[in-house]
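Worksheet: one structure, shown below.
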Amino acid sequence: MTSVEVINEAEDSGPSGYAAARLRLLNEKERSGPPRRAALARLTDEWLAALFAAAVQEQGVRGAALVAVGGYGRGELSPRSDLDLLLLHDGGASPEAVAAIADRIWYPVWDLGLALDHSVRTPAEARKTAGEDLKVQLGLLDARPVAGDLGLVASLRTAVLADWRNQAPRRLPELDELCRERAARQGELQYLLEPDLKEARGGLRDVTALRAVAASWLADAPREGLAEARRTLLDVRDALHLTTGRATDRLALQEQDQVAAELGLLDADALLRQVYEAARTVSYATDVTWREVGRVLRSRAVRPRLRAMLGGRVAQPERTPLAEGVVELDGEVVLARTARPERDPVLPLRAAAAAAQSGLPISRHAVRRLGEAMNARPLPVPWPAEAREELVTLLGAGEPTVAVWEALEAEGLITRLVPDWERVRCRPQRNAVHTWTVDRHLVETAVKASELTRHVGRPDLLLVAALLHDIGKGWPGDHSVAGETIARDVATRIGFDRADVGVIATLVRHHLLLVDTATRRDLDDPATVASVASVVVSASTLELLHALTEADALATGPAAWSSWRGSLVADLVRRVAALLAGDVPDEPDQAAPSAEQERLAIEALRTGEPVLTLHTQHETPAEDGRPEPVGVELLIALPDQPGVLPAVAGVLALHRLTVRAADLRSIELPSEVGDGAVLVLNWRVAAEYGSLPQAVRLRADLVRALDGSLDIPGRLAEREAAYPRRRGVKAPPPRVTVAPTGSRLATVIEVRAHDAPGLLHRIGRALEGATVRVRSAHVSTLGANAVDTLYVTDGDGSPLPDGEARQLAKVMEEALR
């Protein structure tokens with residue numbers, strides 16, 4: 001059906017005719033995007049025009065018009081968009097007549113269930129309200145006549161535009177502040193897993209703001225790619241409205257696959273990358289535009305005073321040299337007049353490094369000129385030493401690196417320098433722990449690494465490895481393995497020698513080694529330390545890997561790093577460094593129990609019941625010297641008996657204590673004290689929220705759990721049932737494997753599962769039926785994912801045979817499903 005046929009079907013101006021025509025239009029699969037939005041606007045215009053004509057004829061009113069404003073005024077009607085309408089009148093009719101006309105239009109719209117933003121004003125009232133309310137002013141900038149007195153509407157548009165241009169020096173800073181406040185509330189669209197297509201920074205609201213700036217004649221936004229970005233965001237919003245049937249702008253996780261299918265995209269990741277690309281274009285245009293607005297306003301404020309001081313002459317802005325071919329001009333980094341980028345292939349990196357080091361934005365015109373020169377004469381491969389040094393300088397500049405990098409990326413320079421960057425550009429990370437897309441995370445890691453360059457002997461290798469450590473996420477399979485190959489190619493390309501290339505490749509391949517080992521393995525097991533030492537080989541590589549680990553975690557998000565994780569990694573690094581220096585650690589079984597452990601064990605043997613103590617552990621961060629708690633140490637001693645692990649883990653879960661690590665050991669006390677083995681458990685725990693429970697309550701519940709009078713599974717099930725599940729992506733099933741660690745002390749079982757209260761309790765129950773002993777447990781949680789590692793032995797304290805270990809893992813996996 002053509003748009004003319006659809007409109008003809010609604011010519012009776014009745015709600016049912018319009019509704020039927022609207023439904024048929026929205027169901028046309030062959031027409032989408034701008035044509036459908038335009039057709040929907042025309043269809044709505046025809047219907048509302050008929051309603052308006054009947055109403056004014058009935059009331060005998062002249063000098064009135066129906067005006068579409070805002071998104072409707074721009075013809076951007078998505079399936080569930082609001083109708084923004086202004087009933088404009090010249091004041092000649094009675095208030096009762098005007099109100100009657102409004103009712104004849106508003107009520108049919110409401111009867112169809114359409115959202116309506118409406119107002120009734122004279123031109124003078126509209127201008128007055130616009131002067132007081134910036135949002136009204138922005139809506140009127142897109143005013144479009146639907147029906148009635150066209151001259152009245154044209155006069156209002158002329159007056160509103162004149163007011164906007166005259167008041168621009170005052171209103172534009174107000175609009176800028178409004179945009180900043182909205183961005184602070186909604187976040188940046190290009191990094192959000194569930195973005196608001198309209199309100200988030202880089203969304204449709206910002207596109208509207210850029211149109212308003214252009215209408216002021218004070219500055220104009222970069223046009224390249226902006227129209228396509230706007231169309232992309234509108235198309236996605238259309239698909240979101242159609243798939244959900246709701247007027248929503250938030251692209252929720254559970255809707256993304258359907259929206260992607262509606263748009264003919266491969267999957268939700270392809271959808272997000274498209275949205276992020278569009279948002280990045282809008283955000284960059286926003287940055288450039290508001291910077292230009294600020295420059296123009298500052299110039300206008302200063303020029304009259306300068307002209308008076310200089311006798312009518314206007315002083316030229318000063319050009320301050322920053323580097324060869326690079327100067328500062330009016331708060332921006334630009335190319336010097338003598339610069340010849342087509343003859344100087346290092347100039348793009350030199351200008352970027354100078355901008356970042358100065359904390360200044362790099363001019364869009366300069367970046368564009370550098371990009372054109374790079375097309376004509378790219379950097380030779382391998383890069384000259386100066387180019388490599390400028391890249392390191394850029395990466396080491398800290399926070400200002402981000403804005404400069406984004407400016408280079410917006411004009412395509414980054415992918416010309418590092419072609420593999422294209423695969424990670426705007427790539428989403430579907431893990432709540434990650435704050436950024438893959439490419440921004442890499443830049444943020446370099447920023448964090450720049451703060452650690454004083455702690456390593458080769459800061460250049462640290463910074464480049466930080467930039468490349470996740471570069472393999474653009475390829476299938478293990479990103480660390482793929483990243484190692486890419487890192488070798490890139491490091492060779494930018495001119496590092498063979499030895500340095502090998503170090504960078506090692507850092508990329510094993511960038512997760514330290515944090516994974518420290519949080520999931522027994523550091524007292526010599527095999528753990530030896531396995532890390534065999535990878536890093538040298539103290540200098542270990543030093544770099546330690547810094548990269550911290551930078552990577554800090555750049556990931558607040559949940560990825562803590563004082564506790566930092567202390568575990570530092571402990572591992574200390575042990576590995578000692579081994580590399582020739583200090584062979586003792587077997588852990590030779591270590592005697594501490595005085596407190598022995599005291600608790602004696603008390604437990606004497607009473608035949610559990611005894612426990614709680615101690616808060618502290619460390620002193622180097623930054624400010626203030627003690628920071630890293631967890632609570634819970635020591636428990638009790639006569640050795642079955643079911644200890646699930647009982648203790650269950651009691652801790654009931655008291656909302658998160659388990660970070662657990663060590664279990666059996667102590668044989670001197671014969672004069674008494675006969676029997678005592679089990680000593682050393683747990684590191686933290687409160688999920690609120691204060692820690694009292695030790696006496698923990699002990700009482702533990703006694704009940706061990707004698708069977710406390711139904712832990714039932715209590716945990718009740719708590720889980722009390723909290724409704726949030727809709728979202730279904731968690732994958734748990735996976736239990738035998739880790740090939742080469743430990744001589746125990747078999748290592750690794751459990752990967754969705755994190756939930758009582759997970760360690762369920763793991764302990766799964767082990768109850770097996771004739772194994774748990775030597776220690778190490779818990780690592782990132783977002784919704786938990787990795788629990790258990791060191792188990794047979795009854796004699798030896799590692800399990802391979803077949804038994806695999807069977808145990810299979811049984812546990814089935815029990816946890």
Side-chain angles (χ1 to χ4, degrees), residues 220-226 277 280-281 283-289 291-292 295 317 319-422 424-426 439-440 442-443 446 463-464 467 490 493-495:
D220 197 6
R223 298 299 179 90
E224 293 78 10
L226 193 58
E277 288 275 7
R280 187 165 295 190
T281 298
S283 292
Y284 179 63
T286 297
D287 290 340
V288 171
T289 301
R291 197 161 64 234
E292 178 65 11
R295 187 190 65 77
R319 302 170 73 89
T320 305
L322 297 176
E324 180 67 29
V326 185
V327 299
E328 175 190 351
L329 177 65
D330 202 13
E332 287 187 328
V333 171
V334 302
L335 300 185
R337 293 191 179 98
T338 57
R340 296 293 181 268
E342 64 279 0
R343 302 177 186 174
D344 186 357
V346 181
L347 185 56
L349 285 169
R350 191 186 310 125
Q357 287 287 307
S358 305
L360 295 170
I362 187 167
S363 159
R364 175 173 169 270
H365 175 72
V367 177
R368 171 144 306 175
R369 189 176 167 198
L370 290 170
E372 292 169 352
M374 187 178 289
N375 283 337
R377 186 179 179 185
L379 272 169
V381 177
W383 292 4
E386 182 194 357
R388 185 173 66 255
E389 291 164 3
E390 295 293 0
L391 173 65
V392 171
T393 301
L394 169 62
L395 296 177
E399 197 61 42
T401 298
V402 175
V404 175
W405 191 273
E406 289 181 344
L408 298 181
E409 197 166 14
E411 298 296 339
L413 271 72
I414 297 300
T415 51
R416 293 176 209 166
L417 292 168
V418 185
D420 291 281
W421 195 262
E422 183 60 32
V424 296
R425 189 173 190 273
C426 291
D439 55 340
R440 177 64 183 272
L442 294 175
V443 178
L463 292 168
V464 172
L467 183 71
V490 174
R493 176 188 182 89
I494 64 181

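Worth saying up front: this structure is predicted, and the values here are computed from it rather than measured. For reference, positions follow the sequence shown, starting with 1.
N375 contributes atom CG, which lies 13.0 Å from atom CD of E342 (distance to the nearest 0.5 angstrom). The CD atom of E372 sits 10.5 Å away from atom CG of L413, with the distance rounded to the nearest 0.5 Å. Note that the CD atom of E422 and the CG atom of D439 stand 9.5 Å from one another [nearest 0.5 Å].
Using a distance-only test at 3.5 Å, with no hydrogens or angles considered, a donor-acceptor pair links the side chain of R388 to the main chain of G495. Checked by atom type and distance alone, the side chain of T401 pairs as donor or acceptor with a backbone atom of L394 at under 3.5 Å.
A search for salt bridge (charged side-chain N to carboxylate O under 4.0 Å, His left out) contacts involving E292 returns R295, not counting sequence neighbours. Every residue two or more places apart in sequence or in another chain that forms a ring pair (Phe, Tyr, Trp, His ring centres under 6.0 Å) with W421 is listed here: W405.
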Going by atom type alone, with no hydrogens or angles, which donor-acceptor pairs under 3.5 Å involve a side-chain atom of residues 347-367 and a protein atom two or more places apart or on another chain?
unit_1	atom_1	unit_2	atom_2	d
R350	NE	E386	OE2	3.0
R350	NH1	E324	O	2.9
R350	NH1	D344	OD2	2.8
R350	NH2	D344	OD1	3.2
R350	NH2	D344	OD2	3.2
R350	NH2	E386	OE2	3.0
Q357	NE2	T393	O	3.4
S358	OG	A354	O	2.8
S363	OG	H365	N	3.2
S363	OG	A366	N	3.3
R364	NH2	E224	OE1	2.5

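Counting only heavy atoms from C-beta outward, the side chains of L370 and L335 approach each other to under 4.5 Å.
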Could you walk me through whether E411 and Y284 pass the side-chain contact (heavy atoms from CB on, under 4.5 Å) check?
CA-CA 10 Å; E411 298 296 339; Y284 179 63; 4.0 Å; yes
Run the numbers on M374 and L417 for side-chain contact (heavy atoms from CB on, under 4.5 Å), then give the verdict.
CA-CA 9 Å; M374 187 178 289; L417 292 168; 3.9 Å; yes
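Of all the heavy atoms in L463 and V392, the pair that sits closest is CD1-O, 3.7 Å. Here the shortest heavy-atom pairing between G371 and R416 reads O-NH1, 2.7 Å. Between P321 and V327, the closest heavy-atom pair is CA-CG1, 3.9 Å.
Taking a cutoff of 4.0 Å between a charged side-chain nitrogen and a carboxylate oxygen, R493 and D420 do not qualify as a salt bridge.
Annotation for R319: atom CZ counts as buried by contact number, over 12 foreign heavy atoms lying within 6.0 Å.
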